[in-house]
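Written below as structure tokens is the structure these notes are about.
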Amino acid sequence: MSVEQARSDNWRRPSPRLLVLRRLEVAALALAALIAASVVAALGHTVVGLACLGGVLVLGLGAERFVSRRFHAWGYAEREDDLLVRRGVLFSRLSVVPYGRMQFIDVTAGPLERSFGLATVRMHTAAAASDARIPGLERAEAARLRDRLAEVGEAQAAGL
Amino acid sequence: MTGADGWRRLHPLSPIVRGGRVTIGVGTVLLLSLLAGGRGARDSVPELAIVGLVVVLGFVSWLVTRWRIEDDDLRIESGVLRRQSLRFPLSQVQAIDIVRPGLARIFGVAELRLRTGGSSGATARLAYLAAHEAEPLRVRLLALAEGARKHEGTPEPEAASQEHVLTTVPTGRLIGSILISDVGILAEAVLAGLIVTAVLSPAAAVGVTSAGAVWIFTVLTLVWRRFNQEYRLSLAEAPDGLRLRSGLIALSAETIRPGRVQAVRMVEPLFWRALGWCRLEVDLAGKQRSKGEGQAERRPLRTVLPVGSRALAEELLEHIVPNRPPTQSPPPRRVLLKSPLRYPMLAWGRSETCVATTSGRIRRVTVWAPLEKVQSLRRVQGPLQRRLHLATVHVDTAGHSVHAAIRDRNTTEADRALAELSDLARAERRKKSQ
């Protein structure tokens with residue numbers, strides 16, 4: 001069940017708005033750094049200021065690339081008996097969480113996520129290490145996923 | 001001490017035993033000040049007042065603490081200002097322990113501890129009961145727990161009390177094993193260092209001793225605790241679970257209910273391997289970290305065999321995890337580039353019902369996890385692993401400290417393992433729920 005093989009499993013992705021959100025976060029940070037660098041340049045340390053400006057631009061572009069690759073790595077697939085979640089660029093992870101093992105599901109949305117109409121769904125099992133988190137789902141999709149997981153989890157519940 | 005409606009109190013001496021060292025300290029101070037004679041009764045008024053207050057508080061807390069068995073639950077009520085009523089469903093019980101610290105043994109009382117699988121505050125403590133009551137109560141609670149699980153009538157308590165001892169650890173071997181364990185070697189190094197300094201310059205030795213007193217004390221405590229906990233540890237199999245008994249000064253008797261073992265691990269430290277010794281530990285569910293529990297009680301791992309030969313360990317394993325995979329396969333050779341120290345240890349195998357993995361750098365750790373306990377599976381690939389076409393598959397169970405990881409396998413093998421294990425685990429879950 002490699003990621004390629006599992007393509008047939010009908011993978012879904014987080015909303016593209018998550019990418020917009022992540023890019024805005026990077027842009028906001030870069031903007032703040034740019035302003036600081038231009039202040040340095042204006043104060044007379046022209047060479048240092050310009051070097052900082054260039055550094056900020058390079059870092060910002062790098063961060064943008066990282067963020068977008070990370071966004072494209074997220075994915076989840078609902079199968080008959082378990083949920084697959086994949087994530088990560090540098091460390092790529094693929095989790096298989098059986099519905100029957102689900103202890104509870106929580107849906108969270110921070111202020112930024114909320115203003116974009118997004119939410120994060122997270123499944124908890126009795127094992128602390130299992131990590132199944134899907135960020136940046138549109139609110140309706142998050143609610144659908146939560147209800148579906150709760151329903152199947154109930155039907156297949158297995159004890160400890 | 002049975003009240004109306006089956007409510008029961010703890011043993012009247014429990015506040016004293018609970019006070020433990022404080023009780024002894026206060027008693028000694030009091031005795032000394034009386035014996036010193038030079039001071040009149042008037043001078044000891046503050047001490048007497050404190051002692052009086054402590055006694056009254058202890059008595060009040062004893063008075064308001066009561067417990068009873070309600071159907072399939074154990075209920076404990078306590079507290080004056082913050083009244084607390086706890087209800088522990090017996091069907092969720094993972095293990096029941098009877099613990100008797102030194103002071104408790106002097107007063108003939110024992111503590112009963114119920115461990116449930118939840119994540120917080122999941123330990124019910126009845127501290128203390130009369131020693132002769134604790135054992136029958138444990139048998140009764142276990143019987144109720146089994147009954148609650150199977151939805152049948154309560155089984156006969158007599159049937160549960162038959163047990164046969166599987167193994168007892170000889171004291172000589174235990175001492176030897178501690179001497180060459182990590183803690184033991186640390187203690188020996190510290191002592192040897194002290195002796196050498198003392199011989200070379202006695203004045204310096206005094207300075208070193210007083211400066212490092214805390215460290216010396218800590219190390220010695222560790223060694224002592226280990227010895228005390230594992231002294232004459234015996235493992236027995238009974239219909240209501242595995243029973244562990246051990247202790248030199250503080251006695252403990254633990255019962256692990258059948259089918260509650262999340263994973264087992266076998267640890268072979270470097271120096272033990274030369275002698276063919278190993279140690280077996282069992283992991284149970286839950287994040288056992290509740291308030292008011294000491295270091296010793298917090299450990300979620302139960303040592304089943306403190307030290308023994310591999311053959312003995314295999315024999316015990318047969319009782320704990322049956323159908324273990326007979327062989328384990330080594331990883332591809334290129335893993336040597338990634339983790340040279342781990343490479344010689346790495347291996348994994350599976351049977352229809354169980355996964356086995358071996359890992360470790362200096363000590364060798366083998367983990368067996370029953371597939372019916374698998375909570376989730378994860379395949380992880382780091383940057384270096386990607387370059388070498390390797391991947392790791394983690395097998396997560398609800399245990400706290402033992403983790404089975406199939407490290408550094410060929411990507412294709414890891415993918416196959418992930419698919420196979422999730423299918424097998426599903427089959428096991430189905431089998432269990434039917």
Side-chain angles (χ1 to χ4, degrees), chain A residues 1-9 11 66 69-70 73-106 122-134 149 152-160, chain B residues 91-92 94 116-119 149 257 259-263 284-287 369 372-386 391-401 403-405 411-412 414-423 425-434:
Chain A
M1 189 177 36
S2 69
V3 178
E4 288 72 36
Q5 219 178 316
R7 284 257 154 76
S8 54
D9 283 332
W11 284 90
F66 178 70
R69 278 185 67 190
R70 214 158 80 122
W74 281 105
Y76 62 100
E78 296 159 68
R79 298 199 303 178
E80 196 185 334
D81 295 296
D82 40 32
L83 181 82
L84 305 183
V85 182
R86 70 177 153 82
R87 61 181 286 201
V89 176
L90 211 53
F91 286 86
S92 69
R93 293 157 212 264
L94 172 67
S95 300
V96 185
V97 186
Y99 298 132
R101 292 301 192 191
M102 235 166 262
Q103 300 272 321
F104 64 97
I105 304 152
D106 77 45
R122 178 174 227 147
M123 275 127 301
H124 297 261
T125 70
S130 13
D131 126 75
R133 180 169 67 95
I134 314 167
L149 291 177
V152 217
E154 181 100 15
Q156 300 188 2
L160 280 183
Chain B
S91 57
Q92 298 296 320
Q94 309 283 327
T116 54
S119 54
R149 195 172 62 145
R257 292 184 53 200
R260 295 290 156 140
V261 171
Q262 301 283 335
L284 302 180
K287 257 189 209 157
E372 61 163 309
K373 298 293 179 197
V374 170
Q375 296 285 333
S376 66
L377 295 159
R378 281 175 299 141
R379 170 190 182 277
V380 181
Q381 190 178 44
L384 193 58
Q385 284 182 317
R386 186 164 317 120
T392 298
V393 176
H394 294 269
V395 181
D396 302 318
T397 60
H400 190 238
S401 0
H403 181 93
T411 347
T412 48
D415 288 337
R416 207 176 54 236
L418 192 66
E420 278 176 4
L421 291 178
S422 70
D423 287 346
R426 184 190 314 130
E428 283 293 303
R429 273 201 308 281
R430 292 250 168 88
K431 214 193 300 170
K432 199 184 157 203
S433 59
Q434 268 160 20

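To find a chain, count down the sequence lines: A is the first, B the second, and so on, and within it residues start at 1.
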Problem - Considering all heavy atoms, the nearest Pro383(B)-Phe91(A) contact - result: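 Result for this residue pair: CD-CZ, 3.7 Å.
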Practice task
Compare every heavy atom of Gln375(B) with every heavy atom of Ala126(A), then report the nearest pair and how far apart it is.
Solution key: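 Where Ala126(A) meets Gln375(B) most closely, the heavy atoms are N-OE1, 3.4 Å.
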Quick one: pull up [atom1] in [X] and [atom2] in [Y] and give me the separation to the nearest 0.5 Å.
X: Met102(A); Y: Ser376(B); atom1: CE; atom2: OG; value: 10.0 Å
X: Arg386(B); Y: Leu90(A); atom1: CZ; atom2: CG; value: 6.5 Å
X: Arg426(B); Y: Gln156(A); atom1: CZ; atom2: CD; value: 9.0 Å

Practice task
Kindly check if the number of other-residue, nucleotide or ligand heavy atoms within 6.0 Å of CD (Glu420(B)) is above 12?
Solution key: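 Correct, the count exceeds 12.
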Problem - Flag if over 12 foreign heavy atoms under 6.0 Å of CZ, Arg133(A) - result: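 Enclosed: over 12 neighbouring heavy atoms sit under 6.0 Å from CZ of Arg133(A).
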Exercise for the section: Pick one of side chain, backbone, both or neither for Val393(B), based on which atoms fall under 4.5 Å of a heavy atom in chain A. Expected result: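 For Val393(B), neither part sits under 4.5 Å from chain A.
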Handout entry: Leading residue by heavy atom contact count with chain B [cutoff under 4.5 Å; candidates Ser92(A), Ala132(A), Ser95(A)]
Key =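 Most heavy-atom pairs under 4.5 Å with chain B: Ser92(A).
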Handout entry: Any Thr125(A) side-chain heavy atom under 4.5 Å of Asp396(B) side chain
Key =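 Contact flag for Thr125(A)/Asp396(B) side chains = no.
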Practice task
Check for a donor-acceptor pair, side chain of Arg379(B) on one end and backbone N or O of Val96(A) on the other, with a separation under 3.5 Å.
Solution key: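 Pair absent, no side-chain N/O of Arg379(B) close to backbone of Val96(A).
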Practice task
Select one option (side chain, backbone, both, neither) describing which atoms of Val89(A) are under 4.5 Å from chain B's heavy atoms.
Solution key: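 Interface part for Val89(A): backbone (N, CA, C, O).
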